[in-house]
Amino acid sequence: MQGELVAATYEDLLRLPADTRGEVLAGELILAPSPCPRHSRTQRALGRFIGGPFDDDDGHGGPGGWWILVEVDIRLSAHDIVRPDLAGWGRDRLGADPWDTLPVDVVPDWVCEVLSPGNAAHDRVTKRRLYARHRVPYYWIVDPHPRTLEALRLEGELWVETGSWGDGDVARVEPFEALALDVGRLFTPR
């Protein structure tokens, strides 16, 4: 039929210019601007304080056992392709050599979104529902403006909050409770 919309897929993302960030949600191509420095700084800190001990230090003193990746394309379904700020998989689930294939077709064990003023509702509502529908076990929402971390665990089809922390809190947050995380260190210095 003429004028009928076709649901977007990963191939539509591949056709975007190289410097364009995008996702496909419910078959709709969603474009996003590059993150601001505050967002990027928080994302980098999460990579350091979570990715460091659970991925980088595996076998070198850290708890290990995870692959923690930053902004990688994950195909949850043909018409749901996300690029979370950080995503993690138990090493036994993602395999030993996940390095050269996009998109990743394995649902993550953990997803973390860092909020920006323009995407907060999108991450809190749209992506939260999407991650639950695709059975992501853990979802963190980190907001650099009020300097907070909210952690959710999927139970059945519903998210259960396992905790909420801010500046000055040191917490053991699922699924990385083997580490005491100084939440204030995720954010720009005061």
Side-chain angles (χ1 to χ4, degrees), residues 5-35 39-40 43-44 46-48 50-59 62-116 119 122-142 151-160 162 173-176:
L5 293 177
V6 177
T9 65
Y10 190 67
E11 286 66 36
D12 295 294
L13 288 175
L14 293 176
R15 285 193 279 278
L16 293 174
D19 61 343
T20 303
R21 297 167 36 100
E23 296 180 306
V24 175
L25 302 174
E28 182 181 351
L29 185 61
I30 308 291
L31 302 181
S34 293
H39 180 283
S40 181
Q43 187 179 28
R44 186 189 66 74
L46 281 156
R48 176 180 176 201
I50 298 299
F54 289 93
D55 183 337
D56 302 339
D57 290 348
D58 191 47
W66 288 79
W67 295 125
I68 306 290
L69 304 178
V70 176
E71 289 194 19
V72 66
D73 293 334
I74 302 166
R75 181 170 33 210
L76 300 173
S77 73
H79 304 292
D80 290 308
I81 300 102
V82 295
R83 184 181 288 178
D85 289 299
L86 292 103
W89 294 261
R91 290 197 177 190
D92 59 328
R93 290 199 55 248
L94 194 54
D97 190 15
W99 310 120
D100 296 317
T101 304
L102 279 177
V104 175
D105 284 314
V106 177
V107 172
D109 296 303
W110 167 78
V111 168
C112 179
E113 296 287 5
V114 178
L115 303 183
S116 294
N119 78 348
H122 177 72
D123 288 342
R124 288 187 179 281
V125 178
T126 305
K127 288 178 107 177
R128 181 176 167 150
R129 289 176 183 160
L130 180 69
Y131 294 144
R133 189 168 64 248
H134 290 282
R135 316 284 309 142
V136 174
Y138 296 95
Y139 183 34
W140 288 12
I141 301 170
V142 177
L152 307 167
R153 179 182 60 238
L154 193 64
E155 291 188 6
E157 297 178 6
L158 300 175
W159 290 113
V160 174
T162 60
V173 186
E174 292 181 56
F176 303 110

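None of these values were measured; they are calculated from a predicted model.
- Side chain of Trp159 to backbone of Arg129: no donor-acceptor contact under 3.5 angstrom is found.
- Note that CG of Asp92 and CH2 of Trp66 are 9.5 Å apart. Values are rounded to the nearest 0.5 Å.
- The closest donor-acceptor contact from the side chain of Thr162 to the backbone of Ala151 lies under 3.5 Å.
- Between the side chain of Trp89 and the main chain of Val106, a donor-acceptor pair closer than 3.5 Å is present.
- Side chain of Ser77 to backbone of Asp80: a donor-acceptor contact under 3.5 angstrom is found.
- Side-chain contact between Val82 and Val111 is absent, with no heavy-atom pair separated by less than 4.5 Å.
- A ring-centre distance under 6.0 Å is found for Trp140 and Phe176.
- Counted within 6.0 Å of CD on Glu155, heavy atoms from surrounding residues, nucleotides or ligands total more than 12; the atom is thus considered enclosed.
- Remark: Leu102 CG to Asp73 CG distance equals 5.5 Å, nearest 0.5 Å.
- Leu46 and Cys112 make their closest contact through CD1-SG, 3.7 Å (heavy atoms, listed as atom of the first residue, atom of the second, distance).
- Listed by chain and number, the residues in a side chain to side chain contact (heavy atoms under 4.5 Å, CB included) with Val70 are Gln43, Leu86 (sequence neighbours excluded).
- Judged by distance alone, with hydrogens and angles left aside, the side-chain atoms of His39 form a donor-acceptor pair with the main-chain N or O of Val114 at under 3.5 Å.
- In this structure, CG in Leu152 is found 11.5 Å from CG in Leu158, a value given to the nearest 0.5 Å.
- Put simply, the side chain of Pro108 reaches to within 4.5 Å of the side chain of Ile74, judged on heavy atoms.
- In this structure, NZ on Lys127 lies 12.5 Å from NE2 on His134, to the nearest 0.5 angstrom.
- The main-chain N or O of Pro33 is found under 3.5 Å from a side-chain atom of Arg21 such that the two form a donor-acceptor pair.
- Not one N or O on the side chain of Arg135 forms a donor-acceptor pair closer than 3.5 Å with the backbone of Leu154.
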Check: Given Glu71 and Asp85, is the side-chain contact (heavy atoms from CB on, under 4.5 Å) satisfied, shown in steps?
Finding: CA-CA 5 Å; Glu71 289 194 19; Asp85 289 299; 4.0 Å; yes

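- The CZ atom of Arg15 sits 14.0 Å away from atom OG1 of Thr20, with the distance rounded to the nearest 0.5 Å.
- The main-chain N or O of Glu113 is never found under 3.5 Å from a side-chain atom of Asp123 such that the two would form a donor-acceptor pair.
- Under a 3.5 Å cut-off, the side chain of His79 and the backbone N or O of Leu25 do not form any donor-acceptor pair.
- Within the 4.5 Å cutoff, side-chain heavy atoms of Leu29 are placed close to those of Leu16.
- A salt bridge links Asp55 with Arg91: at least one charged nitrogen is closer than 4.0 Å to a carboxylate oxygen.
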Note to self: Using side-chain contact (heavy atoms from CB on, under 4.5 Å), reason through Ile30 and Thr126 one step at a time and then give a plain yes or no.
What the structure shows: CA-CA 12 Å; Ile30 308 291; Thr126 305; over 6 Å; no

Notebook entry, point to check: Arg124 and Leu115: side-chain contact (heavy atoms from CB on, under 4.5 Å), yes or no, with the steps?
Noted result: CA-CA 9 Å; Arg124 288 187 179 281; Leu115 303 183; 3.5 Å; yes

